[in-house]
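One-based numbering, in listed order, for ligands and for the atoms of each. Numbers for residues simply follow the sequence, beginning at 1.
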Amino acid sequence: MSEIAILEVNGKKYEFPLIKGSENELAIDIKTLRGVTEGVTTIDAGFKNTGSCKSAVTFLDGEKGILRYRGYAIEDLADKADFLETSYLLIFGELPTAEQLEKFHVDIANESLVDEEMKKILNGFPKSSHPMGVISALTSALISFNPESVNVESEEEMYKAIVMIMAKFPVLSAWTLRKKAGLPLDYGDKHLGYVENLYKMMFSKPNEEFKINPIVLDALDKLLILHADHEQNCSTSTVRIVGSSHAGLFASLSAGISALWGPLHGGANQAVIEMLEDIKKDGGDYQKYIAKAKDKSDPFRLMGFGHRVYKNFDPRAKIIQVAAEQVLADLGIEDPVLDIARGLADVALNDEYFKSRNLYPNVDFYSGIIYRALGIPVEMFTVMFAIGRLPGWIAQWKEMRENHEPIGRPRQLYVGEKFREFKAVENR
Ligand code: ACO
C-alpha cells in the first residue's frame, strides 16, 4: 500500500504523507497543504475528521466500542485497578509499583491542605451558584496561591504541580458540595485512601461518626475510573489548546472545567436526571419523549443518548449500567426514575430513528442514576465527572507540553462582507 494520499485541487495533484497510528489507523498529514496549494485550507466544523495531535494516552475505537488507557482495557481497569492507580497510569504512562503508588498517595495526602484564604473566595459565592462555576473559579484562584509557573522541563516541578492539583481539587469539590448543603467544611483524613477521603469529605456529618459503605466506595471508584480520560473530547481539547499558549496547568484545567459544564458534554449527567424527572412528573409516558426526540421541529434531544465517537456502544455505559443496577439493589433503593430510564433505553434501542443513527445510551445515561442513589445532589454530578477526568486532563496537558506542540490556532473560511467604505454615523 502506498504511504501517500493524493489530493486534486482545480486539476492539480498534490501528495501528502499518510501516517499510521499504533493501532493501524491512518491519518493524512496536511501540514504543508496551505503552502503547496497557495492558500487552500480545510473546513471540518466540530473537528469530526480532524486529529489535533498525536497522543499515546488513550485509545478509542468508536466502531468496535473499545476504550483503553495506555493500552489497558477499561473493563480490566474498572474491575481490577483503583482510581489513584489509574490516575498514575494515565499521567506517567505505566502502572505504578507498590512503592510508587504508596509514594504518590503519601505525597498527595501531604499536599491536601488548602490555604485558609481560599475559604473567603468560596464564601463569596451565593448558595445558588452552580458548583461547576464555583469549582472552575476556585481552580483558577489556586494560581494566586501558587504563582510560580510550572517549568515543564523539570520532572520534579511537574510532579509537584500534579500532586498539588490532585490533592486540592477533591477538597475544593467537596467543600463546594458542603457549602451548598450548609455543612461545615471537612479537611479530610490523610490516612484514608484517595477516594475514601473524597467520600468522607463529601458525606461526613459533624454530629455522627463517619462510616464507609463499601458498596458506595466501590461505585464511586469505578465511576471515577470510567471518566478518567477519553482522548480528544471537548474539555480535553480545551485543556490542551489553552495550555498550548503556555498558560499554566491550573489555568488550563479551569478552562477544561468550563468546557465540561455544557449539557452536550459532562453536563449531560445532570440533564439526564432532570429529563427523567420531567418525564416522571409528566405521567411517565416516555413514548411521548421518544417522539419529541425524533421530531426535527422540536429541539428536544434524548439526553444521555448518542456520542460523537461511539457509533456502536459506549463500553463505559455497559459497565456502569451493571454497576447502577447493583448499587440500587445493594442499597435497597427502588427508584421510579430508573424504571423510566430502562423503558426509554428499551424503546430507543429498538426504534429505527435511533438505530439508523447509531444512537446508544452513553456513560452519562447511567452515571446520574448512581450519583443520585449515593445521595449526591444533581448539580454536583458534573463536578464528580470533573474529579474523575482530572488525571486525564493532566496527562494530556503534560503530553502536549512535553511534545512541544505549537500553539493551537485553527484557520477559518471567511464568508462575511467584502471590503466596504466606512460611512459616518449621520449617513447610515
Ligand atoms: N436525541 C435525538 N436525536 C439525536 C441525539 C439525541 N440525543 N443525538 C444525535 N441525534 C441525531 C441528530 O439530530 C442527527 O440527526 P440527523 O442526521 O437526522 O440530522 C444525528 O442524530 C447525528 O447527530 P449529531 O448532532 O450530528 O451528532 P454529534 O456527533 O454532533 O453529537 C452528541 C453527539 C453531542 C453527544 C449528541 O448525540 C447529543 O447531543 N446527545 C445528547 C447529549 C449527551 O448525552 N451528551 C453526552 C455525551 S457523552 C460525554 O460527553 C461524556
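In terms of protein heavy-atom proximity, atom 42 (C) of ligand 1 is closest to M303 CE, 3.4 Å. Here the protein heavy atom with the shortest distance to atom 50 (O) of ligand 1 is H265 ND1, 3.0 Å. Scanning the protein for heavy atoms near atom 35 (C) of ligand 1, the closest one is G306 O, 3.7 Å. Atom 49 (C) of ligand 1 has as its closest protein heavy atom D364 OD2, 3.8 Å. The closest protein non-hydrogen atom to atom 7 (N) of ligand 1 is L302 O, 2.8 Å. Among all non-hydrogen protein atoms, the one lying nearest atom 48 (S) of ligand 1 is H307 CD2, 3.5 Å. Nearest protein heavy-atom neighbour of atom 10 (N) of ligand 1: L359 CD1, 3.6 Å.
Here the two rings, on Y194 and F104, have centers that are 6.0 Å apart or farther. The ring of F365 has its center closer than 6.0 angstrom to the ring center of F305.
Within the structure, the closest approach of K48 to ligand 1 falls below 4.0 Å when heavy atoms are considered. Remark: distances from the non-hydrogen atoms of K296 to ligand 1 include one below 4.0 Å.
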Residue pair K190, N110: steps toward the side-chain hydrogen bond (donor to acceptor under 3.5 Å, both in side chains) verdict: CA-CA 7 Å; K190 64 191 271 194; N110 287 338; 2.8 Å; yes
Worked check of side-chain hydrogen bond (donor to acceptor under 3.5 Å, both in side chains) between Q100 and H105: CA-CA 9 Å; Q100 286 169 329; H105 179 229; over 6 Å; no
Stepwise side-chain hydrogen bond (donor to acceptor under 3.5 Å, both in side chains) test for Y289 and D282: CA-CA 10 Å; Y289 287 82; D282 198 18; 2.8 Å; yes
CA sep, side-chain torsions, deciding dist, call: D314, N362, side-chain hydrogen bond (donor to acceptor under 3.5 Å, both in side chains): CA-CA 6 Å; D314 181 340; N362 58 48; 5.9 Å; no
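If you number the atoms of ligand 1 from 1 as listed, the ones under 4.0 Å from a heavy atom of A293 come out as 2 (C). Short contacts between ligand 1 and G304, defined as distances under 4.0 Å to a heavy atom of the residue, involve ligand atoms 43 (C), 44 (O). Short contacts between ligand 1 and A268, defined as distances under 4.0 Å to a heavy atom of the residue, involve ligand atoms 43 (C), 44 (O), 45 (N), 46 (C). Taking a cut-off of under 4.0 Å to the non-hydrogen atoms of F385, the atoms of ligand 1 that pass are 51 (C).
Checked for salt-bridge contact, D351 and K294 meet the test: a charged N lies under 4.0 Å from a carboxylate O. Salt-bridge check for R342 with D339: passed, with a basic side-chain N closer than 4.0 Å to an acidic carboxylate O.
With a heavy-atom cut-off of 4.0 Å, L264 touches ligand 1 through backbone and side chain alike.
Nearest heavy atom pair, residue S235 against residue G256, reads CB-O, 3.4 Å.
Every pair passing salt bridge (Lys or Arg N to Asp or Glu O under 4.0 Å) that includes a residue from residues 234-254 is listed here, sequence neighbours excluded: R240-E399, R240-E405.
Remark: of the listed residues I4, L7, D29, L7 is the sole one forming a side chain to side chain contact (heavy atoms under 4.5 Å, CB included) with F16.
The option from R301, R357, R308 that lies nearest to atom 24 (P) of ligand 1, judged by heavy atoms, is R301. Proximity annotation for atom 3 (N) of ligand 1: of Y353, F305, Y289, F354, Y353 comes nearest, heavy atoms only.
Distance check on atom 22 (C) of ligand 1: every protein heavy atom falls at or beyond the 4.0 Å cut-off.
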